[in-house]
Enquirer: 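Quick one: the structure is below, and I'll ask about it shortly.
For the single chain, residues carry numbers from 1 onward in sequence order.
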Amino acid sequence: MKKLINRLKGDKGIWSFVALLALFSFMPVFSASSNLAYLGHGTGNTLGYLVKHLAHVACGFAIIYYVHKVPFHYFRSISKWMLPIVWIILGITMIKGTVIGGANASRWLQIPFVGISFQPSAFAALVLYVFVARYLSKTRTEPIVFIDSLRELWVPVFITLMFILPSNFSTTALIFSMILMLVFIGKYPMKYIGIIVGSGILFLTFFVLISKAFPDAKFFSRVRTWESRIENFSTDKPDEDDYQIEKAKIAIASGKIYGLGPGKSVQKNFLPQSSSDFIYAIIVEEYGLLGGLGVLGLYLLLLFRFVVASHKATTLFGKLVVIGLGFPMIFQAMINMAVAVELLPVTGQTLPLISSGGTSIWMTCIALGIIIGVTKKEEEIEQEQKEAAKREEALQRLIDAELAAEEEKQNGNYSIEDKMSNPMNAVLNK
């Protein structure tokens, strides 16, 4: 185990907090999966779901390990040629998507011959964040021209978001918000950001208006779901509250300070998506307010390590990659928690590293692998600098020793001072 830990490079704080979140996830996932077990095969045996989650987490840590070994600057060029592939995958998903646990048909894609389903929008988000960081980190001798940035940056961004929007508004909004944050940090001109925000609002309004004109079209079927969620969230009438939110609030209220205890949740049997989208409500019910604050604290500590890693990065691309991949992860966790306590409408965002589901875990682990790769590179540079300083110090000691020996030799054997009568004795004795 010690040898394995020594082989892990990069920020040890990030490794530690990720490991703690992953280890903690087994308890709520094991407990919350009982509902799925009853619905699936009627036995209530959750061991299979626990083993499945273990496999997902184990594969996730293998992904982190191998991705963090890759020099992070390789992803700079990979993101550019991966975008067309992402568009193709998203297009196929819109046409031939599958239903997973009642989710919209155009969110998931079944991999042929493997039987594994994944959500392409999560992978598209990773590629897009790295692509934006790549553009912002370009070395320029002149200020950014809006027309050029529109062609090189925003057209690929909007094409990607157009593929995701019809089936998943919350993911589209999250990606767009994080890209705006990233370009702001990357010192993209504010007046251009205002134009992009206005264009995005106009496009969304146009999309909703078109859906009103064609209400029966399958392509616009999710618009009615968005409207109903916003209406349910904005009203205070108890009979109009969303069923999931009601059960989540009951679970949170039941938990009180210390919780009901591990595995003793009641609402897990009634709350849909209790092991994924609403797992935070189950955590609070079983572990109380202290458990909920503990999970929140782990995410905030992870955010702090991301800030430190970004500050330590010596290249602009490294800084932007850490921000672009790390901040959305924490922001998604905050959205999941806010939905559970009814601060936001239902969005369908999972709790990173804790919720069950292979796609969510694996995409998060790819992002973590790249971030740790950035911190590993900075550690390597720091180590090289320390070794260079040690070599310089050792060389200086050798030089000082040689000079001292030479000076002593000259003072002892070649002194021209001689008190003897014959002035040539010093030379003759030598």
Side-chain angles (χ1 to χ4, degrees), residues 20-40 44 46 49-50 53 56-57 100-103 170-171 174 225 228-230 232-236 238-300 302 329-357 360-361 364:
L20 286 174
L21 287 169
L23 288 173
F24 175 76
S25 69
F26 286 97
M27 295 185 289
V29 166
F30 181 68
S31 175
S33 298
S34 60
N35 185 30
L36 297 175
Y38 278 112
L39 294 175
T46 58
Y49 294 93
L50 182 64
H53 183 67
H56 288 159
V57 172
I100 302 295
S170 61
T171 299
L174 174 62
T225 304
S228 64
R229 286 179 173 176
I230 293 174
N232 290 337
F233 177 75
S234 59
T235 181
D236 293 331
D239 57 341
E240 295 184 10
D241 282 347
D242 186 82
Y243 175 79
Q244 294 174 312
I245 290 295
E246 281 296 314
K247 295 300 179 182
K249 289 193 296 185
I250 293 173
I252 291 172
S254 302
K256 298 182 180 179
I257 302 296
Y258 301 104
L260 302 178
K264 296 182 179 180
S265 168
V266 176
Q267 297 306 316
K268 66 184 179 183
N269 299 314
F270 307 99
L271 182 61
Q273 307 296 331
S274 59
S275 63
S276 55
D277 297 355
F278 285 91
I279 196 169
Y280 188 70
I282 304 301
I283 291 173
V284 177
E285 184 181 12
E286 294 188 351
Y287 301 95
L289 179 62
L290 296 179
L293 292 177
V295 172
L296 175 61
L298 284 177
Y299 282 112
L300 293 178
L302 190 58
M329 193 184 308
I330 307 302
F331 194 61
Q332 179 181 334
M334 299 302 169
I335 290 176
N336 179 278
M337 298 177 193
V339 168
V341 298
E342 206 184 7
L343 290 177
L344 291 175
V346 178
T347 60
Q349 298 296 325
T350 58
L351 194 60
L353 297 171
I354 292 182
S355 295
S356 62
S360 173
I361 294 174
T364 301

Enquirer: What side-chain donor-acceptor pairs closer than 3.5 Å can you find for residues 21-30, not counting sequence neighbours?
Expert:
unit_1, atom_1, unit_2, atom_2, d
Ser25, OG, Ala22, O, 2.5
Ser25, OG, His53, NE2, 2.9

Enquirer: Which is it for Ile245 and Val339 under the side chain to side chain contact (heavy atoms under 4.5 Å, CB included) test, yes or no, and what are the steps along the way?
Expert: CA-CA 8 Å; Ile245 290 295; Val339 168; 4.2 Å; yes

Enquirer: So how far is it from Leu343 CG to Ile335 CD1, rounded to the nearest 0.5 Å?
Expert: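 Those atoms lie 12.0 Å apart.
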
Enquirer: Step by step, would you call Ile354 with Tyr299 a side chain to side chain contact (heavy atoms under 4.5 Å, CB included)?
Expert: CA-CA 11 Å; Ile354 292 182; Tyr299 282 112; 3.7 Å; yes

Enquirer: Of the non-hydrogen atoms in Met334 and Leu300, which two are nearest, and what is the gap between them?
Expert: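 Scanning both residues completely, I find the closest heavy atoms to be CE-CD2, 3.5 Å.
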
Enquirer: Does Lys268 use its side chain to pair, donor to acceptor, with the backbone of Ala251 at less than 3.5 Å?
Expert: no

Enquirer: May I have the step-by-step check of side chain to side chain contact (heavy atoms under 4.5 Å, CB included) for Gln244 and Asp277, ending in yes or no?
Expert: CA-CA 10 Å; Gln244 294 174 312; Asp277 297 355; 5.9 Å; no

Enquirer: Identify, with sequence neighbours excluded, every residue that meets side chain to side chain donor-acceptor pair (under 3.5 Å) alongside Ser276.
Expert: Gln273

Enquirer: Report the C-alpha distance between Leu174 and Thr347 in whole Å, list the side-chain angles of each, state the deciding distance to 0.1 Å, and finish with yes or no for side chain to side chain contact (heavy atoms under 4.5 Å, CB included).
Expert: CA-CA 10 Å; Leu174 174 62; Thr347 60; over 6 Å; no

Enquirer: How many angstroms lie between atom CE of Met337 and atom CD1 of Ile283, to the nearest 0.5 angstrom?
Expert: 7.5 Å

Enquirer: Could you tell me which non-hydrogen atom of Leu271 sits nearest to which non-hydrogen atom of Ala281, and how far apart they are?
Expert: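 Looks like CD2-CB, 4.3 Å.
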
Enquirer: Kindly indicate whether the side chain of Val341, heavy atoms from C-beta on, has any atom under 4.5 Å from the side chain of Val284.
Expert: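 With C-beta onward as the side chain, the pair stays apart.
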
Enquirer: According to side chain to side chain donor-acceptor pair (under 3.5 Å), who are the partners of Ser360, at least two apart in sequence or on a separate chain?
Expert: Thr350

Enquirer: If only atom types and distance count, is the side chain of Thr364 paired as donor or acceptor with the main-chain N or O of Leu353 below 3.5 Å?
Expert: no

Enquirer: For Leu293, what residues pass the side chain to side chain contact (heavy atoms under 4.5 Å, CB included) criterion, not counting sequence neighbours?
Expert: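 With sequence neighbours excluded, Leu293 shows a side chain to side chain contact (heavy atoms under 4.5 Å, CB included) to Leu289, Leu296, given in chain and number order.
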
Enquirer: Would you list the pairs meeting side chain to side chain donor-acceptor pair (under 3.5 Å) in which at least one residue belongs to residues 280-293, sequence neighbours left out?
Expert: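 Checked against side chain to side chain donor-acceptor pair (under 3.5 Å) - neighbours excluded - the pairs reaching residues 280-293 are Ser31-Glu286, Ser265-Glu285.
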
Enquirer: The criterion is side chain to side chain donor-acceptor pair (under 3.5 Å); which residues satisfy it with Thr171, sequence neighbours excluded?
Expert: Asn168, Gln349

Enquirer: Kindly compute the distance separating CD (Gln267) from CD (Glu246), expressed to the nearest 0.5 Å.
Expert: 10.5 Å

Enquirer: Is it true that a side-chain atom of Ser275 and a backbone atom of Ser356 form a donor plus acceptor pair closer than 3.5 Å?
Expert: no

Enquirer: Taking only residues two or more places apart in sequence, or in another chain, which ones meet Ala253 in a side chain to side chain contact (heavy atoms under 4.5 Å, CB included)?
Expert: none

